[in-house]
2 protein chains.
Amino acid sequence: MGAEASTASTAASQLYVALKRDLINGRFTAGQKLAITTLKQHYQVGLSPLREALNRLAAYGLLEQENQRGFRVPALERAELDDIADLRSRFEGQALEQALENGGDEWEAGLLAAFHRLKRADEAPGQLDHWEQMHLQFHRHLLEPCGSPWLVRFIEQLHDQFDRYRRMAPANDTVRAILNEQHGRLVDLALERDITAARTLLEEHIRLSYEVAQSACHEEVAKA
Amino acid sequence: MGAEASTASTAASQLYVALKRDLINGRFTAGQKLAITTLKQHYQVGLSPLREALNRLAAYGLLEQENQRGFRVPALERAELDDIADLRSRFEGQALEQALENGGDEWEAGLLAAFHRLKRADEAPGQLDHWEQMHLQFHRHLLEPCGSPWLVRFIEQLHDQFDRYRRMAPANDTVRAILNEQHGRLVDLALERDITAARTLLEEHIRLSYEVAQSACHEEVAKA
DNA sequence: ATGATATGAAAAATCGATTTTTTACTATGG
DNA sequence: CCATAGTAAAAAATCGATTTTTCATATCAT
């Protein structure tokens, strides 16, 4: 038979993916309590796989779980976003340096391919979900050969957390153009193995995304 | 009424704690497949809370989960231990610097208290589980005021992973004495706010623990 | 023999119902 | 009027049974 996905999936796993996407895309209100009965109907599944998916998401940090009173969508806090962005900067900076030292020919080829897909996705409007996927894959591929599976894992987790904020923020075409252009320059610097410049640019890339994401935070209304 | 734990617990949560402890303490063989029926009997619980606990542990990284074929205890790999120890060193080093900048009077008091408890636990033999708890709490408290909840979270996760290896390793009283002495010096340097020396010592502390933990890895038999 | 296929036992995943706990509401006494 | 205890409804957690998938073994055609 033809090639196909090797992983037979379960209801719990599919639900995990769907819920994760919806959480990151802001389909639920921050701080909201999740009504299990409603979710059951909405996603058309039974209670067991639903609860298993929710438990995984809570352990991952995309939900808050409190004994005997269910699950809740975490609030969007300015302080937390600061923390996440700062760590992203440090972690991804370190990972990039190592990736530029380790990455081989295959990695270079894959990076160009990932960048190309990202550009194509950028030209197709309305396919926002697809663009997000390509964007994630680009950044993932960039840092992949850093040699530290645990660092990669933490970076992805932070990326997911970060995106909860970023995707709530209003679109801004000017900034978006700059961010896109940075992706291209990142590829160039990566191929040239210009470690210092690449790291600086990646950190600037994260900083700029952070500026955008900030507007997603609940603003305390000034009293004056 | 008197002070008491605020969190009413659930079967799933208690089981999560118990399984986590047993996993870190090496009660299960690395690489082993978990027989759910057996676990059910051993921990005297129903299927639902058991599966929820297992799902959480898999999301946390203390179990491997494969769709339609259950849960498995991760193997102990030299390369993974290297990764974990290296990240611990970097993360905890960074966290310590920030903690020394932020920690106030209350933190100093708590640190002394935690160290005292650790020393006491060290004198009481046979209470290994209690010592491990005090040890974890000491390190946790040391880095607590670093100002980054996510960094603290990752450090704990790495610590748990690291301990899977360390607790499998054979006891060595000489090394153990050195490690204990380092705890005391860490407190001193922390109170003096000697950032550089404290960081160096903490990294040395981790490096030495790593030497110990190494012997837990499955050794490839040399062919010659 | 060999490899493919069928079969039954075991294990994983899911479902539907039950039990327990929380929450919102109401009544009652201070 | 406030606080407090009681009560019913809702939600969370758990249980027991069922369904689905995997795994090991046996069977059959080549």
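Source: prediction; values computed, not measured. Note on naming: letters A, B, ... go to the chains in the order of the sequence lines (proteins, then strands), and numbering restarts at 1 for each one.
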Next item on the list: Tell me, please, the opening and closing nucleotides of DNA chain C, 5' to 3', among those with an atom under 4.0 angstrom from a non-hydrogen atom of chain B.
Entry: C:dA11 to C:dT22
Tell me, do [X] and [Y] make a side-chain contact under 4.5 Å, heavy atoms counted?
X: A:Arg72; Y: A:Leu63; answer: no
X: B:Cys146; Y: B:Asn102; answer: no
X: A:Leu54; Y: A:Tyr16; answer: no
X: A:Arg88; Y: A:Ile155; answer: no

Look for any protein N or O under 3.5 Å of an N or O in nucleotides 22-24 of chain D and output each such pair with its distance, or none.
none

Could you tell me if [Y] and [X] have a donor-acceptor pair between their side chains, going purely by distance under 3.5 Å?
X: B:Gln14; Y: B:Tyr43; value: no
X: B:Asn180; Y: B:Asp122; value: yes
X: B:Glu80; Y: B:Tyr165; value: yes

Note to self: Tell me which pairs pass side chain to side chain donor-acceptor pair (under 3.5 Å) where either residue lies in residues 27-36 of chain A, with sequence neighbours left out.
What the structure shows: A:Asp22-A:Arg27
Checklist line | Qualifying side chain to side chain donor-acceptor pair (under 3.5 Å) pairs, either residue in residues 132-144 of chain B, two or more places apart | finding: B:Glu132-B:Arg166, B:Glu132-B:Arg167, B:His135-B:His139, B:His135-B:His183, B:His139-B:His183, B:His139-B:His205, B:Arg140-B:Glu156
Check: With sugar-phosphate meaning primed atoms plus P, OP1 and OP2, does A:Ala35 contact a base, only sugar-phosphate, or nothing at under 4.0 Å between heavy atoms?
Finding: nothing
Notebook entry, point to check: For DNA chain C, what residues of residues 37-65 of chain B have any heavy atom nearer than 4.0 Å?
Noted result: B:Leu47, B:Arg51
Item checked: By side-chain contact (heavy atoms from CB on, under 4.5 Å) - contacts of A:Gln68 (at least two apart) -> B:Ala8, B:Thr10
